[in-house]
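Quick notes on the structure that follows.
For clarity, every value in this text was computed on a predicted model and none was experimentally measured. Per chain, numbering begins at 1; letters A, B, ... match sequence-line order.
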Amino acid sequence: MLQLQAIRENKEALIAALNKRGIDATALLDTVAQLDEQRRATQTQLDATLANANKLSKEIGQLFKTGKAQEANVLKERTTALKEESKTLTDTLNTSAEALQKALYQIPNVPHSSVPAGVTEADNEEIFQEGAIPTLNADALPHWELAKKYDIIDFELGVKITGAGFPVYKGKGARLQRALISYFLDKNSAAGYTEMQVPHLVNEASGLGTGQLPDKEGQMYHVGEDDLYLIPTAEVPVTNLMRNELVAENDFPICYTAYTPCFRREAGSYGAHVRGLNRLHQFDKVEIVRVEHPSESYNALDGMVEHIKTILRELQLPFRILRLCGGDLGFTAALTYDFEVFSTAQDRWLEISSVSNFETYQANRLKLRYKDSDGKSRLAHTLNGSALALPRVLAGILENYQTADGINIPEVLVPYCGFDTIG
RNA sequence: GGAGGAAUGGCAGAGUGGUCGAAUGCGGCAGUCUUGAAAACUGUUGAGGGUCACACCUCCGGGGGUUCGAAUCCCUCUUCCUCCGCCA
């Protein structure tokens, strides 16, 4: 959520920056500015009325105390009108405050200056590429074929017990999955992230805090009876750990990592792009989350990018990094880098990580503040990234490490797996 | 699920109708002392709105009510604790 003060002071600049997302926010920001003004005007009136009533109350108290009940009763009469007035004003105030909140929820984050303008993923900017793309035999298979051949992932079985997009991992497939989770968590811990285990269902306030709510309800599974949401990413519970917190400046950086399953409804696509592990309703992910001092957040973002690079190097997967363009940027992010692994057998890049700086956008919703050295409380910056998302890493490993004799396991994972080939 | 108790500032914890935005302690910040640090001592320190700055307004779990006036009384919801029941 953008800060009102910023909208008041830099409306034109914000409109220009938001334009990078391919949207014209003029009308929305005008509405906000107008509602804001309305709200403040009403607030001023209400404050004056209340100040008046407070003053009278004090006088009445004094009069009663000194035994002048007669005079007190005269003053009492005058408070009646004030009461009604303040009631009306309060109603008006609530109405415009609600409208203001609603309008603010509709404005996405302002893209960072380095974000390229653009509409679709074709406009994303490749900033880095590394790792040799292996040459495979002509009969190399995509991972969904490999999964069947070696009986390590069963998609049909998942359909039977739940539905499409809920695979069952079997035998060495399950073990490899667990190995990846442990490996990622260990890497993240070693890099200074505190490992957390968090609930997989969250309440509405948490969804609002990180920006999944309102307006994007349809993307999350909702448990109606208890009014809880299945998390689409660990970002939600982990970042919300800090909701309504006022931290000390020297608490920074706050670094967490967590493994969770992720649940996404993601209706509406089809074909090879959603085959196999490419897109699922339930998948596993290890997330890293940071809360930072505003002056440090972009250094931290670079650090997160470097950290993820080291993991992919160890796994020896060819990867590239994209700077997302305005049109592809998530609603709450100011700057996002996507990591993609090249899947040789599918001959395409698969997104395996998304690393973002949200600046104060989430913090404003979360009321996540820190006490500055001058004693003022200010909004912190939040960041997060996948380190990493399992299914497509798994797909990349299966496809890129396949040989005529079976699938090799990347060296760093062998101690976690307890085997070095699937064959 | 049943019975009882509780929710107050960054934390702990007083406060049962006006003098309470709220004692005290801890923590934080500044200073004295010290080569430096610690200890000790002194001062300072809740959040939000509003203002150029004051004034002023709001906030004692959420919502509603009583009253001229509510942290304090009433209703309701939520959460936590204790005991009982059930249970991985």
Side-chain angles (χ1 to χ4, degrees), chain A residues 1-9 32-101 103-104 197-209 213 223-229 237 240-254 291 293 360 362-380:
Chain A
M1 193 161 67
L2 299 186
Q3 289 168 269
L4 274 172
Q5 203 186 346
I7 296 175
R8 259 177 240 153
E9 288 167 6
V32 167
Q34 192 200 325
L35 287 168
D36 176 41
E37 207 155 306
Q38 214 176 83
R39 201 215 85 232
R40 277 188 294 161
T42 314
Q43 180 85 62
T44 307
Q45 275 185 66
L46 177 61
D47 285 357
T49 311
L50 289 175
N52 230 326
N54 286 343
K55 216 170 112 195
L56 281 178
S57 289
K58 268 183 196 146
E59 283 173 31
I60 291 169
Q62 283 303 316
L63 289 173
F64 272 125
K65 210 171 274 180
T66 48
K68 298 174 182 163
Q70 201 85 18
E71 289 173 48
N73 283 324
V74 175
L75 285 184
K76 270 197 198 182
E77 309 262 318
R78 282 168 56 192
T79 60
T80 315
L82 287 176
K83 259 174 124 176
E84 297 212 353
E85 198 181 329
S86 70
K87 201 160 205 168
T88 318
L89 285 168
T90 304
D91 286 346
T92 315
L93 183 70
N94 289 342
T95 308
S96 39
E98 254 169 60
L100 179 62
Q101 186 65 254
L104 278 172
Q197 279 197 21
V198 292
H200 300 165
L201 284 92
V202 293
N203 55 28
E204 187 187 19
S206 294
L208 286 167
L213 297 173
V223 182
E225 198 162 356
D226 298 293
D227 197 18
L228 294 171
Y229 296 86
N240 272 281
L241 295 172
M242 305 299 297
R243 172 152 47 90
N244 283 324
E245 293 291 329
L246 177 60
V247 303
E249 198 177 19
N250 54 19
D251 287 339
F252 293 131
I254 298 168
V291 181
H293 190 280
T360 60
Q362 289 183 328
N364 195 21
R365 290 193 177 192
L366 293 159
K367 291 198 172 57
L368 199 187
R369 296 151 303 156
Y370 67 95
K371 196 75 122 177
D372 214 342
S373 50
D374 61 4
K376 292 248 187 245
S377 43
R378 298 180 206 283
L379 294 172

Can you tell me how far P in G21(B) sits from the matching atom in C81(B), rounded to whole Å? 33 Å
Quick tally for nucleotides 50-65 of chain B: nucleotides whose base has a protein heavy atom under 4.0 Å get B, sugar-phosphate-only ones S, the rest -, giving SS----SSS------S
Taking the same atom, P, in G9(B) and in A23(B), what whole-Å distance lies between them? 13 Å
Taking only nitrogen or oxygen atoms into account, show me every contact under 3.5 Å that the protein makes with nucleotides 17-19 of chain B, one pair per line with its distance.
from: G18(B); atom 1: N2; to: Ser57(A); atom 2: O; distance (Å): 2.9

Distance between P atoms of C26(B) and G13(B) (Å, rounded): 15 Å
Hits for side chain to side chain contact (heavy atoms under 4.5 Å, CB included) against Ala248(A), two or more places apart or cross-chain, chain-then-number order -> Asn250(A), Asp251(A)
Glu77(A): which residues meet the side-chain hydrogen bond (donor to acceptor under 3.5 Å, both in side chains) condition with it, sequence neighbours left out? none
When you look for runs of 3 or more Watson-Crick or G-U pairs in a row, both distances below 3.5 Å, which of them include RNA chain B? B:1-7 with B:78-84, B:10-12 with B:24-26, B:27-32 with B:40-45, B:46-49 with B:56-59, B:61-65 with B:73-77
Met242(A) side chain near Val247(A) side chain, heavy-atom distance below 4.5 Å: yes
Taking side chain to side chain contact (heavy atoms under 4.5 Å, CB included) as the definition, give me every residue that meets it alongside Ser206(A), ordered by chain and number, with sequence neighbours left out. Val202(A), Asn203(A), Val236(A), Asn240(A), Arg243(A)
Hey, could you give me each pair passing salt bridge (Lys or Arg N to Asp or Glu O under 4.0 Å) that has a residue in residues 44-64 of chain A? Not counting sequence neighbours. none
Write down the distance between CZ (Arg243(A)) and P (U79(B)), rounded to a whole number of angstrom. 14 Å
Between Leu100(A) (CG) and G49(B) (P), how many Å, whole number? 13 Å
May I have the distance from Arg78(A) (atom CZ) to G69(B) (atom P), rounded to whole angstrom? 14 Å
Is there a side-chain contact between Leu4(A) and Leu104(A) in this structure, where contact means two heavy atoms from C-beta onward sitting under 4.5 Å apart? yes
Tell me, yes or no, whether the heavy-atom count around Gln197(A) atom CD, taken from other residues, nucleotides or ligands under 6.0 Å, exceeds 12. no
Are more than 12 heavy atoms, taken from residues, nucleotides or ligands other than Glu37(A), located less than 6.0 Å from that residue's CD atom? no
According to ring-ring contact (aromatic ring centres under 6.0 Å, His included), who are the partners of Tyr229(A), at least two apart in sequence or on a separate chain? His222(A)
Distance, C1' atom - from A6(B) to G62(B), rounded to whole angstrom: 16 Å
With sequence neighbours excluded, tell me which residues meet side-chain hydrogen bond (donor to acceptor under 3.5 Å, both in side chains) with Glu249(A). His293(A)
Taking salt bridge (Lys or Arg N to Asp or Glu O under 4.0 Å) as the test, write out the residues that go with Arg8(A), two or more places apart. Asp36(A)
Nearest-angstrom distance, C1' atom, G36(B) to G27(B): 23 Å
G4(B) to A55(B) separation - C1' atoms, rounded to the nearest Å: 48 Å
Nearest whole angstrom, please: distance from the P of U67(B) to the CG of Leu82(A). 16 Å
Distance check, P atoms only: G18(B) and C74(B), in whole angstrom units. 16 Å
Distance between the P atoms of C60(B) and U8(B), in whole angstroms? 12 Å
Whole Å only: how far is the CD atom of Glu245(A) from the P atom of G9(B)? 12 Å
Close N/O contacts between protein and nucleotides 43-47 of chain B (under 3.5 Å):
from: G46(B); atom 1: O3'; to: Lys371(A); atom 2: NZ; distance (Å): 3.4
from: A47(B); atom 1: OP1; to: Lys371(A); atom 2: NZ; distance (Å): 2.3
from: A47(B); atom 1: O3'; to: Arg369(A); atom 2: NH1; distance (Å): 3.2

Would you say that Leu366(A) contacts Leu379(A) through its side chain, given a criterion of any heavy-atom pair below 4.5 Å between the two side chains? no
Ala51(A): partners by side chain to side chain contact (heavy atoms under 4.5 Å, CB included), with sequence neighbours left out: none
